[in-house]
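All values reported here derive from a predicted model rather than from experimental measurement.
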Amino acid sequence: MTRNGQRLLLLIDDEPAQRRLVSALAARAGWRSIFASDGEMALAQLGTQDGMQLDAILLDHWAPDANAAPLIAELRERRPALPILLLTANGSVAHAVAAMRAGATDFLVKPLAPERLLAALEASVAGTAAGELRPLTEKIPALLAFDEIVGSSPDFRAALAIAAKAARARVPVLVEGESGVGKEVVADAIHAASPRSKKQMVTVNCGAIPANLVESELFGHEKGAFTGAFERKIGRFAEADGGTILLDEIGEMPLETQVKLLRVLQSGEIQPIGARHPREVDVRVIAATNKKLLEEVEAGRFREDLYYRLNVVQVTIPPLRERLGDVPPLARHLLARIAQQPGLRPLGITDDALALLVQYDWPGNVRQLQNALFRAAVLCEGAALTRADFPQIAALGDRRPEVVGAKTATASGGGVTLFRSDGHMRPLEDIEADVIRLAIGHYRGRMTEVARRLGIGRSTLYRKLGELGIDNAA
């Protein structure tokens with residue numbers, strides 16, 4: 001860290017324009033940047049006074065076919081404890097594996113969203129990862145049906161049941177939950193279970209688009225509509241015509257764009273910038289946010305009329321710390337998915353490793369669990385992950401030590417709560433409903449297997465589903 005309290009970043013990049021962009025973004029969070037145009041210059045910088053004070057290195061790997069691993073390995077050998085982040089146009093899992101095995105701490109994919117860079121830099125010096133190590137929701141492209149989503153806690157299954165019912169309707173859905181809980185996975189499942197599943201789902205991250213470009217991105221523009229509009233652009237709503245559009249991080253949308261979105265929802269028509277006439281579109285809208293949107297309305301940062309237009313059905317995904325019983329099956333499921341990627345192999349996970357994961361608070365939710373498992377799988381040399389493969393989690397320990405006992409008890413009970421908050425037992429009917437939901441989630445909706453494992457016939461199982469008011473997706 002420099003004398004004035006700023007963190008110091010070594011940026012390795014041979015493109016001056018990109019260097020200026022990244023250094024300006026880093027400066028927003030108090031980082032000062034020094035530069036190297038190639039590996040030789042970077043290694044020389046490590047021996048300078050500034051090099052001695054470095055807090056992180058960011059390597060811009062601008063050539064997708066080039067091999068950055070030797071330089072990363074050399075930087076790691078010179079500075080074993082220094083975070084090394086890779087900025088790349090190639091977001092493949094194989095590329096991530098090669099970079100991490102060479103010693104990279106994390107990696108980011110272009111185009112670079114400002115908040116993603118800042119989060120990755122801050123996380124790197126904190127000893128965690130916040131970049132692109134997201135093998136389920138981003139790196140491993142696969143739509144999951146509701147009965148394939150892992151999780152058996154009552155609140156989580158209840159949220160999925162609401163989403164499954166909403167999928168069959170045309171109404172807008174608002175998905176709320178902390179960052180990393182799997183909002184996009186749920187949105188994918190809603191689209192896959194809807195009558196629009198044969199059409200595409202278009203995803204727009206409202207927080208990653210500059211405010212002056214949001215309208216053009218969503219609704220398109222005509223050639224010559226404004227300075228720099230050299231050709232006609234089809235907006236994301238037009239792309240999604242007949243299908244679904246996911247407006248992720250909807251709480252970041254500028255107020256002036258919110259007005260235009262409201263008109264689209266009311267009229268079913270979009271007006272590209274510079275167009276003489278509106279165009280009719282048939283689009284199902286799913287909005288997602290990590291904010292409590294009603295609080296944003298009360299603070300004047302989000303339009304109340306738009307909130308109620310979007311919030312016809314609300315699905316709230318609980319954070320992972322409130323459903324720690326889901327961690328073991330989630331970990332096994334994610335490891336199976338990770339093993340299918342190039343350069344990786346099937347791995348087991350030991351009970352001591354699972355116990356460690358269950359005791360952690362997971363502030364980054366399922367995404368952080370994915371990151372930890374992916375990193376461990378890349379670096380593991382044995383046949384199964386052990387506690388030793390999660391040194392960062394072990395070092396951080398439980399983030400809420402006063403509730404370790406309660407959380408462990410919940411986890412060992414598979415997510416079924418036996419006692420009410422007043423200390424009395426819950427009614428048997430409620431416990432039975434939770435056990436059935438847990439079984440449906442555990443066996444991925446295979447009802448014959450659910451009935452067999454519960455020791456009842458299929459007809460009895462379906463009768464109980466009706467009596468207890470449990471949706472098949474629950």
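- Rounded to the nearest 0.5 angstrom, Ile84 CD1 and Arg79 CZ are separated by 10.0 Å.
- Counting heavy atoms of neighbouring residues, nucleotides and ligands inside a 6.0 Å radius, atom CD of Glu304 does not exceed 12 of them.
- Panel note: side chain Arg323, backbone Ser152; no donor-acceptor pair is recorded below 3.5 Å.
- Residues Phe390 and Ala353 share a closest heavy-atom pair of CE1-CB, 4.0 Å.
- Taking 4.5 Å as the limit, some side-chain heavy atom of Leu354 sits within range of a side-chain heavy atom of Arg332.
- Contact record, Leu25 with Leu118: O-CD2, 3.2 Å, taken as the closest heavy-atom pair.
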Which pairs of donor and acceptor atoms, one on a side chain in residues 225-235, lie under 3.5 Å apart (sequence neighbours left out)?
from	atom 1	to	atom 2	distance (Å)
Arg232	NE	Glu222	OE1	3.4
Arg232	NE	Glu222	OE2	3.4

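- Residues forming a side chain to side chain donor-acceptor pair (under 3.5 Å) with Ser216 (at least two apart in sequence, or on another chain): His221.
- Leu46 has its side chain within reach of Leu10: a pair of non-hydrogen atoms, C-beta onward, lies under 4.5 Å apart.
- The shortest non-hydrogen separation linking Gln368 to Tyr360 is NE2-OH, 3.3 Å.
- Contact check on Arg236 versus Glu217 returns a salt bridge, with a Lys/Arg side-chain nitrogen under 4.0 Å from an Asp/Glu carboxylate oxygen.
- For the pair Gln200 (side chain) and Gly243 (backbone), a donor-acceptor distance under 3.5 Å is absent.
- From Arg309, atom CZ reaches atom CG of Leu262 across 6.5 Å, with rounding to the nearest 0.5 Å.
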(request) Walk me through it: do Ile209 and Leu218 pass the test side-chain contact (heavy atoms from CB on, under 4.5 Å)? (result) CA-CA 10 Å; Ile209 307 171; Leu218 291 177; 5.6 Å; no

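- Interatomic distance, Leu324 CG to Leu357 CG, rounded to the nearest 0.5 Å: 10.0 Å.
- Here the closest heavy-atom approach between residue Cys206 and residue Met253 is recorded as SG-CE, 3.8 Å.
- For the atom pair CD1 (Ile393) and CG (Leu369), the distance works out to 8.5 Å, reported to the nearest 0.5 Å.
- Evaluation of the salt bridge (Lys or Arg N to Asp or Glu O under 4.0 Å) test over residues 377-392, restricted to residues two or more places apart or in two chains, returns none.
- For the pair Val327/Leu320, a side-chain contact is recorded, criterion being any heavy-atom separation below 4.5 Å from C-beta on.
- Listed here is the closest heavy atom pair of Ser194 and Ala167: CB-O, 3.2 Å.
- Every salt bridge (charged side-chain N to carboxylate O under 4.0 Å, His left out) that Asp241 has, sequence neighbours left out, goes to Arg279.
- Arg375 places a side-chain N or O within 3.5 Å of a backbone atom of Thr105 that can act as its donor or acceptor partner.
- Rounded to the nearest 0.5 Å, atoms CZ (Arg345) and SG (Cys380) are 5.5 Å apart.
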(request) List the steps and the verdict of side-chain contact (heavy atoms from CB on, under 4.5 Å) for Val150 and Asp326. (result) CA-CA 7 Å; Val150 175; Asp326 288 343; 5.7 Å; no

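- In this structure the side chain of Leu75 reaches within 4.5 angstrom of the side chain of Ile12, judged on heavy atoms.
- No side-chain donor-acceptor contact under 3.5 Å links Arg32 to the backbone of Ala27.
- Taking Glu269 as the reference, nothing meets the salt bridge (charged side-chain N to carboxylate O under 4.0 Å, His left out) condition, with sequence neighbours excluded.
- For Gln271 (side chain) and Ala275 (main-chain N/O), a donor-acceptor pair under 3.5 Å exists by modelled atom type.
- Applying the salt bridge (Lys or Arg N to Asp or Glu O under 4.0 Å) test to pairs two or more places apart or on separate chains, those with a residue in residues 199-216 are Glu215-Lys260.
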(message) Working note: Asn365 + Glu178, criterion side-chain hydrogen bond (donor to acceptor under 3.5 Å, both in side chains); need CA distance, chi angles, decisive distance, verdict.
(response) CA-CA 8 Å; Asn365 293 295; Glu178 296 178 5; 3.2 Å; yes

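- A heavy-atom distance below 4.5 Å is found between the side chains of Lys291 and Glu252.
- Val283 has its side chain out of reach of Val264: every pair of non-hydrogen atoms, C-beta onward, lies at least 4.5 Å apart.
- Interatomic distance, CZ of Arg301 versus CD of Glu296, reported as 4.0 Å (0.5 Å rounding).
- Scored by the side chain to side chain donor-acceptor pair (under 3.5 Å) test, Thr316 finds Gln314 as partners (sequence neighbours excluded).
- For Arg76, there are no salt bridge (charged side-chain N to carboxylate O under 4.0 Å, His left out) partners at least two apart in sequence or on another chain.
- No donor-acceptor distance shorter than 3.5 angstrom exists from the side chain of Asp14 to the backbone of Ser37, with no hydrogens or angles considered.
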(request) Could you go through the side-chain contact (heavy atoms from CB on, under 4.5 Å) check for Ile190 and Phe146 one step at a time? (result) CA-CA 8 Å; Ile190 291 174; Phe146 282 107; 3.8 Å; yes

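- Contacts of Thr350 classified as side chain to side chain donor-acceptor pair (under 3.5 Å), with partners at least two apart in sequence or in another chain: Asp352.
- In this structure, Asn205 contributes its side chain and Gly207 its backbone to a donor-acceptor pair below 3.5 Å.
- Looking only at side-chain heavy atoms (C-beta outward), Trp31 and Arg7 come within less than 4.5 Å of each other.
- Among residue pairs with one or both ends in residues 198-220, those qualifying as ring-ring contact (aromatic ring centres under 6.0 Å, His included) are Phe219-Phe237; sequence neighbours excluded.
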(request) Report the C-alpha separation of Gln18 and Leu87 in whole Å, then their side-chain angles, then the decisive distance to 0.1 Å, and conclude whether the side-chain contact (heavy atoms from CB on, under 4.5 Å) test is met. (result) CA-CA 11 Å; Gln18 181 74 5; Leu87 178 59; 3.5 Å; yes

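- Counting all heavy atoms, side chain and backbone alike, Leu9 lies closest to Ala26 at CD2-CB, 4.3 Å.
- Looking at residues two or more places apart in sequence or on another chain, you find a side chain to side chain contact (heavy atoms under 4.5 Å, CB included) between Pro210 and Asn212, Leu213.
- In this structure a side-chain-to-backbone donor-acceptor pair under 3.5 Å is present from Lys183 to Gly177.
- In this structure, Val378 and Leu344 have side chains that are in contact, with non-hydrogen atoms separated by less than 4.5 Å.
- Classification of Asp60 and Arg19 as a salt-bridged pair fails, no side-chain N sitting under 4.0 Å from a carboxylate O.
- With sequence neighbours excluded, no residue forms a side chain to side chain donor-acceptor pair (under 3.5 Å) with Thr289.
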